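Contents: one structure, followed by commentary.
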Amino acid sequence: MKISLNILRKFLPDLSKSPGEIAEALTMGGLEVEAILPVREHPPGITGVVTAQVTLVEKHPGADRLSVCEVNDGQVIHRVVCGAPNVKAGMKYPFARIGAKLPAGVEIKKAKIRGIESSGMLLSKAELGISDDHSGIMELPDDTKIGIDFNELEKDIDIVLEVNVTPNRSDCLNHIGIARELSVLSGVNFVLPQIIVKEEGQDISESARVDLLAPEACPRYCGRVISGVKIGESPVWLKEDLIRIGQRSINNIVDATNYVLFLLGQPLHAFDLSRIKGREILIRDSRAGEKLVTIDHAERELPPGTLVIADRERPIALAGVMGGAETEVRGETQEVFLESAWFQPLAIRQSSKMMKLSSESSLRFARGVDPEGVALALDYAAMLILQIAGGKLARGKVDSYPGKKPCEKLSLDLSEVRRVLGDPVPIEEAARIFTSLGFQPEPSPDGSRIGVTVPSFRHDLREPVDLIEEIARVSGYGRIQPTWPGLRADRRSLSASEKKGVSLERKVRDLFSSQGFAQIITYSFISSEENQIFSSGPELRIANPLSDQMEIMRGSLLPGLINTVVHNLRRKFNDLRFFELGRTFQRGTGKGAEIQETNRVAGVIARVEPPEGWRGWLAGEFDLYHFKGILENVSSGLNVENLSFREKTSQGFEPGLSGGIVLDSQFEVGRFGRIAESVRKKYEILPVVFAFELDLDTLLSRGIRPKKFAAFPRHPGVEWDIAFFVNDSVPYDEIRNVILQSDSNLIKDSRLIDLYRGKEQLAAGKKSMAFRIYYLSPDHTLTDEEVRTVHRQVAENLRQKFSAMIRE
Amino acid sequence: MDWEQNLGELESQVTELLAQAVKAEDFLQIKQRFLGKQGEISNLLKGIREIPPELRPVFGQRVNQTKQLLEERIAEAARQAESGRVPGSGETLDLTLPGVWNQPGSIHPIAQVLDEIREILEDLGFQIAEGPEIETDYYNFEALNIPKGHPARDMQDSFYIEDEIVLRTQTSPVQIRVMEKRKPPLRIYAPGRVYRRDMDVSHTPMFHQVEGLWVDRGITFSDLKGVLMLFAEQLFGEGTPVRFRPSFFPFTEPSAEVDIECHMCRGKGCRVCGNSGWLEILGAGMVHPGLFRRVGYDPAEFTGFAFGLGVERIAMLKFGINDIRLFFENDLRFLKQF
Ligand SMILES: [Zn+2]
């Protein structure tokens, strides 16, 4: 919201604080000033105006209100007739020499006024086009040098504040509201501008009739009629003011209504009365099939039940949102019906939303304007129109006000102030603040409570706590002393699983980053096409996505990772390792099924070539087993046992080079392997990509076992090796289990130390394996004989189970 | 005499060889060739029989002297050669060469800042709480005093899955979920992803928030100020000036915006702080009694304060990042800096 300090002065004539002080006062009162913008340019079209000093003032012999002055413009002394009440000898003013040009195109000529020749003119701000101030000539500071071109005067003509108005304070979306606040916050006197309108001619009832048929949606409707207006450009001051507050000038009538909107916060609309059929104005709900061409020249279908302004035949405006093109004020318009109304916020919000149309008016109606300010704004606008567009104002006005409500009364228990703020507030202080806010406070006799009447423009105040905020806000948050509460809240852990979830995530993160993975964060929404690469099942679609690249809540973290690989490959990185921690989303199956959110971790490795190191230490192949090793490292770091890797092709992975990750032989917790060739082609990724994805929720709930200490014997064990040929199809896992189970008492561990598939063996479908077996007795040092017996049993078992040929 | 000449020649041969020797093996070879059992010196001594007996003591003495001399020379040369070299290899030691190790990984700056915030809040006794990212309209809006048509909904244009189901626009719904389940006293914080339908230079459609809530008997705005001042100082450094100014959130009353003094200009005003001298870091306020009524707390008995902050904003201030979109581009040139 742009606020001009010049316009504010209409309400705060004594405002003398610096822009910085004003901004500080507003900001610390809850109206954050985001920028202070000086307005420096001079109104265009001024030539021949200089600074000058009045050296002598005498009464005009022929007219009481005029004076005859001697004016020194630095070159000569001019004799000038002046009508301004504030002209004084010794003061300095802008002076137009003969031949000077003023913004409105006026040229200054020699003139005889009541018999005395005037060679030049002392100027008001209005004549200079700086503002609409006609009250007197513009006074210049004492230290102004005389004889200087007015355009070269280095001074700010105005300051514009950019104010961030919170949605609860719709009363501050205009100058009068900001002025009221500033008056409360800094103690400057607030005055309402005088509104004097001259009514003449026939009564309004003879030229227009208003029928309020929707009193619920429109509790108040006011109107006036002005005839004989001359549509044209606005005066320079009005154009300038509108530009400063970010508006465009259209014509004098529209500008006047716009100006009042930003001045008083009341949206107005001017109709060309001659185009209103039957001169009848109806406020009603739209009927099926009705249409309206709005002033933006779009034809709009009106959903039945939309609040409209209509004439006898058709809707002529979308109430509170936008006027209609047919009845809009145009060049030939002579007779104007001026509307000022109070529409229900909900009604305007609905039509604005349904019609997908919003305006400065609808924004204000939707947040609520002051129902008591409706007629005042109407009169102000009428006054302004008469001033800048001429015409005659019909006698009387329409004021249909079926929804009038008394102002809300609230009562505040002062002990509550202390209970909420921590600081006590004396009743006098509270009363003083409420008085300044216009709340008409009534303290109770015992001084424990204070009653207030909420002004009609403060509809945001609904309960006592709102009054507490007013006290805190006006007296300043800075005044409230900080305190540090003791540890009164209890120490029970709110949720053990959430806490564990955080520490699991942190561990996962540390384990992956220590293995060269960079953590990434990608958007939770992806395209449907990408989602279907790695996920199946019903998709969770966003009804109003930003684009079709962001329309599905991801079922997998992998698309984000793959995209990150693509992004960084383009930037010539060649050893890429990424992981992401985050949630995936799934719609449950069945009726009324809930949306499931699962915490997962996923990662990728993509290597363009064995990256070079100065010692070649990074060279060497990297295959699925290396990748699996990383995952095993992580799972052991997390203290997750009983994870097994099974061959299984999952969506998006390469068949035969990928697998599933299973916990306790039954819970599927993840997948890993090489990304399918087809996926790599789709993304135009050259290097091989390994990827995994793990369900952290299941790991957390089932997989992590508390560590248990196992006593270990102090005497040494022995290691014996066994080598054999076996069918290539027998998995390592099964062989190792048979070895370990051959004597669970004495065999502590076994490790694969050699795996060889020579041509000969391969031809026979065999492989050669060697295991090292660790023998250890819990209570004594084993003899060779004891070990030999068990070792033979191992060999025997391998022969029986797998037809292994033991190599001696 | 012949043997005198031989001795002299041996000496110069050794000198010459030592000058070329580099590795430990070279020195060992020289030592063996001249001083070993079958070495030159030994061979020379074997010729003692050809020396006239009266000269033999002199001869013995001279050979032994030479032997000793050569031993010392070889040892000394080897010692000199070793210094500044990897023992035994002959390579010069260069400790400025990079260590042999895998490329380092990295932790996302948002995660790092979240950790920092978490640690501070946990020290202040706040406990973690979590809620879904896909929320119902009730928890995300209604229960937080934002009924349908409330202007505050305009500020947070949201993503919908369907009617009444929305991607949470804030972490505040966790407040309601926790209060529904638990009676006061409680002191929780809720970190997580939130979503708003906004995408331009300073907005991403997804970002992270941390929400805090402290409810008990006797919690006041003064407590809010004290705790958040402590929080801000721990996050941005002791002595950081903090100010509280009135603002508006539908679910708190009174509401406050918390600013810290701009660290770039020390409050004088600069481009970073938009000339105000202050930087906004979080929003806060006393929990609105409407929320308490909704979850079955008696507002006459309990009070509380809540606060919320944007993690990206804090990270941008702390690291001097000027484009929020960098966080989700995941470019390694960015990630590797943290
Ligand atoms: Zn600054």
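Because the structure is predicted, anything quoted here is derived from the model rather than measured. We name chains A, B, ... by the order of the sequence lines, and we start the count at 1 in each one.
Residue A:Arg571 touches chain B through its side chain alone, counting heavy-atom pairs closer than 4.5 Å. Looking at B:Ser247, both its backbone and its side chain come within 4.5 Å of chain A, counting heavy atoms on both sides. The contact between B:Asp331 and chain A is made by backbone and side chain atoms together, counting heavy-atom distances below 4.5 Å. B:Phe302 touches chain A through its backbone: at least one of N, CA, C or O sits under 4.5 Å from a heavy atom, while the side chain does not. For B:Tyr195, the part lying near chain A is the side chain, with the backbone staying farther off; criterion is any non-hydrogen pair under 4.5 Å. Contact annotation for B:Glu280: only side-chain heavy atoms (C-beta onward) come within less than 4.5 Å of a heavy atom of chain A.
Annotation: the span from B:Leu332 atom CG to A:Thr564 atom OG1 amounts to 9.0 Å, rounded to 0.5 Å.
When atom types are taken as modelled, the side chain of A:Glu597 and the backbone of B:Glu133 share a donor-acceptor pair closer than 3.5 angstrom. Not a single donor-acceptor pair under 3.5 Å links the side chain of B:Glu253 to the backbone N or O of A:Glu469. Looking only at distances, a side-chain donor or acceptor of B:Ser222 sits under 3.5 Å from a matching main-chain atom of A:Leu421.
In this structure, A:Phe517 and B:Ser106 have side chains that are not in contact, with every pair of non-hydrogen atoms separated by 4.5 Å or more.
Most heavy-atom pairs under 4.5 Å with chain A: of the set B:Met199, B:Arg243, B:Met206, B:Glu329, this distinction falls to B:Met206.
No option in A:Val420, A:Asp466, A:Ile471 other than A:Val420 meets the side-chain contact (heavy atoms from CB on, under 4.5 Å) test with B:Pro254.
B:Asp163 is linked by a side chain to side chain donor-acceptor pair (under 3.5 Å) to nothing, counting only residues two or more places apart in sequence or in another chain. Remark: A:Ser170 pairs with A:His459 by the side chain to side chain donor-acceptor pair (under 3.5 Å) rule, at least two apart or across chains.
B:Asn330 and A:His567 are not linked by any side-chain donor-acceptor pair at a separation below 3.5 angstrom, with hydrogens and angles left out of the test.
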